[in-house]
There are 2 protein chains.
Amino acid sequence: MTMSLVSILELRHLRTLAALHETGSVSRAAKRVHLTQSALSHQIKALQSHYGLSIIQRRGQAVELTDAGKRLVALAGKVLEEIQATERSLAKMSQQATGSLRIALECHTCFDWLMPLMDAFRQHWPDVELDLVSGFHSDPVKLLEEGGADVVIGSEHKRQRGIVDHPLFRFEILAVLAPEHPLRRKRILHAADFADETLITYPVPEDRIDLILNVLKPAGIHPERRTAELTVAILQLVASRRGIAALPSWGLKNYVDHDYVIARRISTHGLWSDLYASTLTETASRPYLRDFLTTARNTCFATLDGIIPLE
Amino acid sequence: MTMSLVSILELRHLRTLAALHETGSVSRAAKRVHLTQSALSHQIKALQSHYGLSIIQRRGQAVELTDAGKRLVALAGKVLEEIQATERSLAKMSQQATGSLRIALECHTCFDWLMPLMDAFRQHWPDVELDLVSGFHSDPVKLLEEGGADVVIGSEHKRQRGIVDHPLFRFEILAVLAPEHPLRRKRILHAADFADETLITYPVPEDRIDLILNVLKPAGIHPERRTAELTVAILQLVASRRGIAALPSWGLKNYVDHDYVIARRISTHGLWSDLYASTLTETASRPYLRDFLTTARNTCFATLDGIIPLE
DNA sequence: AAATATTAATGAATATAATTCATATCAAAA
DNA sequence: TTTTGATATGAATTATATTCATTAATATTT
């Protein structure tokens, strides 16, 4: 283990280490920084031999950071944040710190993580007009084009000229049941299990509900539906045995831990959904939009469990 | 001016910006980071077009940092310091934070900048035995080989197996005169001007005094000599008109500003000297030695004026 | 227990991007 | 005006980061 005379450390390494810390796996981290697993493996190897220390340790098939790794992750956190702050200053200097960010949500549960994010954003970009476009919108792409919103957060759209989909993350949708529900015995729920149940959903059309679109409809199953506006309302209905729901895994942890409801995987490999932030191409290059996207990804990966990087 | 979607900023850029700030010129900065002037010019251009802002501004033939440039330099300062701190921690983790650093000085004036440096070093590396090897040593290389010292600070040595010369900086040696000395009228002093003067030097052999070796001896001039141990003593003798001296420019500023003495260039292009830190090859790879060298260079470039990067 | 699927590590090949080289441009000094 | 010292620029080169293809190792499934 010899050491080169000058530091080989680059921000690329710190970005990798941060992603490694957030995702807990080399291949997920690789997705997060848009590189291959191999590339990261080489990067880590280079760092280890440079410092004469191991940075990660294989624990079974997962990896764990060593003390040295944690020290570098701590550095990465500080440094990357300082860089973000500097880049915000630079954007202000180039008079690119003004404009509007009106956010439209295709996905009701996204409120959960969006609220704190918006608070932080307001601090960092006081001169950007921040708004939440309320209500349901049948054609989000049109909304962007007509200037009704600057970002739409939802699923991917068919490739379209002038629109960019910025990948956020992939999450699992779990079935939510009352603790004493008969289906509690099954570890995994399949389409047939929903046949005689009442499905509790947000008040949106069928084709916007992944469970119906990707699981039930293909199996020819059409359960009864009942709707509620708010996530807590849905959970309340589930807990009082009025039916079952399908919700993103991240918002469920607290309720499941307190035995208010139970959660079950849907179909063998689970029902997954990908979340994107879509903008017009011209909007995509604005510094505050880019900053919004990076902090969105950062805070989501830091706070929501079970999500996976896209791309 | 379009912007790429992800930050292209790397530590390399920050190292460049820091050097640019320290040296005030692209080509000197290039020397400092061991690259060509062209490489830095390309780096800066890339940053500027990435952020859509100019970072430097040509003021005549020199360059000046813009506000954006200064912001990035501030970032660089913080970030590079944090990295140094982290690398010290890592060295401790790999048990490479112990050993000895006995410093021998070939150059008397180096005391001036070495003292505060040693204080900082003691803080950062409490488990490294730090010492100053006192007295004059005829053969510094032998001193290293026999283990009498770990670093020798002085001029370059003939390439020798097992010894590495780490370049520190180049500095100018100025003639120092009493303010009312007859030679005050001349802007530049030449060998002949020293013929009838008494030369006041440190108590070292002639072949270790650059003025004699490179200017006077080649011109066949052998002025009287008188010696003093300390820089202040030499200056005192000069001020009281006992003779003239030749000292590094950096230590003179205060005395010249207070009209205690005056300083003059020696020979047309000035008399310059290069300072190196020499170690055994094996010592060179120790983290605390590398840290010592970088902080030495950093503090010198930050505090001593008129010095120029080597290599 | 065997088979299959994940995940990470590795060496060689490739692609990318940083640096150098050669030269042009510019401002200041001689 | 000529010369000198400094930066900018495009093309060529070099360096090196990343990918590809494969192996090894550990879980998970049948």
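Each chain gets a letter, A, B and so on, in the order its sequence line appears, and its residues count up from 1.
- Using a 4.0 Å cut-off, no side-chain N or O of B/Ser25 falls inside it from OP1 or OP2 of D/dA6.
- Rounded to an integer number of Å, the gap from CZ of B/Arg59 to C1' of C/dA27 is 13 Å.
- For A/Gln61, the listed nucleotide lying nearest its side chain is C/dT7; candidates were D/dA8, C/dA9, C/dT7.
- Rounded to whole Å, atom C1' of D/dT26 lies 16 Å from atom CD of A/Gln57.
- For D/dA6, the OP1/OP2 oxygens have no side-chain nitrogen or oxygen of B/Ser27 closer than 4.0 Å.
- Applying the 3.5 Å distance criterion, the base of D/dT16 shares no donor-acceptor pair with the side chain of A/His42.
- When each of A/Leu35 and A/Arg187 is assigned the nucleotide of DNA chain D bearing its nearest heavy atom, the one mapping closer to the 5' terminus is A/Leu35.
- Closest-nucleotide positions on DNA chain D for B/Gly24 and A/Thr36 were compared, and the one nearer the 5' end corresponds to B/Gly24.
- Listed nucleotides: D/dT7, D/dT19, C/dT10. Nearest to the side chain of B/Arg58: D/dT7.
- In this structure, A/Leu11 atom CG and D/dA17 atom P are separated by 14 Å, rounded to whole Å.
- Distance, A/Leu47 CG to D/dT18 P: 11 Å, rounded to whole Å.
- Comparing A/Lys45 and A/His269 against DNA chain C, the residue whose closest nucleotide sits nearer the 5' end is A/His269.
- Between the CZ atom of B/Arg12 and the P atom of D/dA15 there is a distance of 15 Å, rounded to whole Å.
- Ion pairing of B/Glu10 with A/Arg15 is present here, as a side-chain N (NZ or NE/NH1/NH2) and a carboxylate O approach within less than 4.0 Å.
- B/Cys300 is listed as a side-chain neighbour of B/Ile307, based on a closest heavy-atom distance under 4.5 Å.
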Ring pair (Phe, Tyr, Trp, His ring centres under 6.0 Å) between B/Phe169 and B/Trp250: does it pass, once the steps are laid out?
CA-CA 12 Å; B/Phe169 54 83; B/Trp250 77 71; 5.7 Å; yes

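- Taking only distance into account, the side chain of A/Ser38 meets the base of C/dT10 through a donor-acceptor pair shorter than 3.5 Å.
- Between the CD1 atom of B/Ile56 and the C1' atom of C/dA27 there is a distance of 15 Å, rounded to whole Å.
- A salt bridge is defined here as a Lys NZ or Arg NE, NH1 or NH2 lying under 4.0 Å from an Asp or Glu carboxylate O, and B/Glu172 with B/Arg265 meets this definition.
- When the C1' atom of C/dA18 is taken as reference, atom CG of B/Leu40 falls 12 Å away, rounded to whole Å.
- With hydrogens and angles ignored, no donor-acceptor pair closer than 3.5 Å exists between the side chain of B/Gln37 and the base of D/dA6.
- When the P atom of D/dT28 is taken as reference, atom CD1 of A/Ile188 falls 13 Å away, rounded to whole Å.
- A salt bridge between A/Lys253 and A/Asp257 is present, with a side-chain N of the basic residue lying under 4.0 Å from a carboxylate O of the acidic one.
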